[in-house]
Amino acid sequence: MPKFTGYVSDHTKFIEELKSKTPGMEQRQIEGRNLLWDKAPISLDEQARIQESRLRQQAYPYQTKV
């Protein structure tokens, strides 16, 4: 990250201090993002299979079927 000679906000100071005190934090953030968000693309056939396998929910789930 380039260092500027001008104003540095308190938030930026806090984040920089946190990163210096916690080695490996950025790597763990990347791993967490990969776990939850960065997924491999799903093929169209797989998307269709998933859509067809979903069960329809009743409008009112506590009502018995008539």
List in chain and number order the residues that pass ring-ring contact (aromatic ring centres under 6.0 Å, His included) with F14, two or more places apart in sequence or in another chain; answer none if no residue qualifies.
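Testing F14 for ring-ring contact (aromatic ring centres under 6.0 Å, His included), a comparison that skips the adjacent residues, returns none.
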
Nearest heavy-atom pair of I50 and S53: which atoms, and what distance?
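Closest heavy-atom pair between I50 and S53: O-OG, 2.9 Å.
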
Taking all non-hydrogen atoms of both residues, which atom of Q47 and which atom of I42 are closest, and how far apart?
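Looks like NE2-O, 3.2 Å.
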
Output, in order, the C-alpha distance, side-chain angles, deciding distance and verdict of side chain to side chain contact (heavy atoms under 4.5 Å, CB included) for Q29 and E26.
CA-CA 5 Å; Q29 284 179 324; E26 289 185 63; 4.2 Å; yes

Among residues at least two apart in sequence or on other chains, which ones pass side chain to side chain contact (heavy atoms under 4.5 Å, CB included) with K13?
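Once residues adjacent in sequence are excluded, the partners of K13 under the side chain to side chain contact (heavy atoms under 4.5 Å, CB included) criterion are V8, D10.
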
Answer yes when R49 and E52 have at least one side-chain N-carboxylate O distance shorter than 4.0 Å, and no when they do not.
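The answer is no: the pair does not qualify as a salt bridge.
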
Would you say L35 and E31 make side-chain contact, with heavy atoms under 4.5 Å?
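No, too far: nothing below the 4.5 Å cut-off.
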
Within a radius of less than 6.0 Å around NZ of K39, do more than 12 heavy atoms belonging to other residues, nucleotides or ligands occur?
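Yes.
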
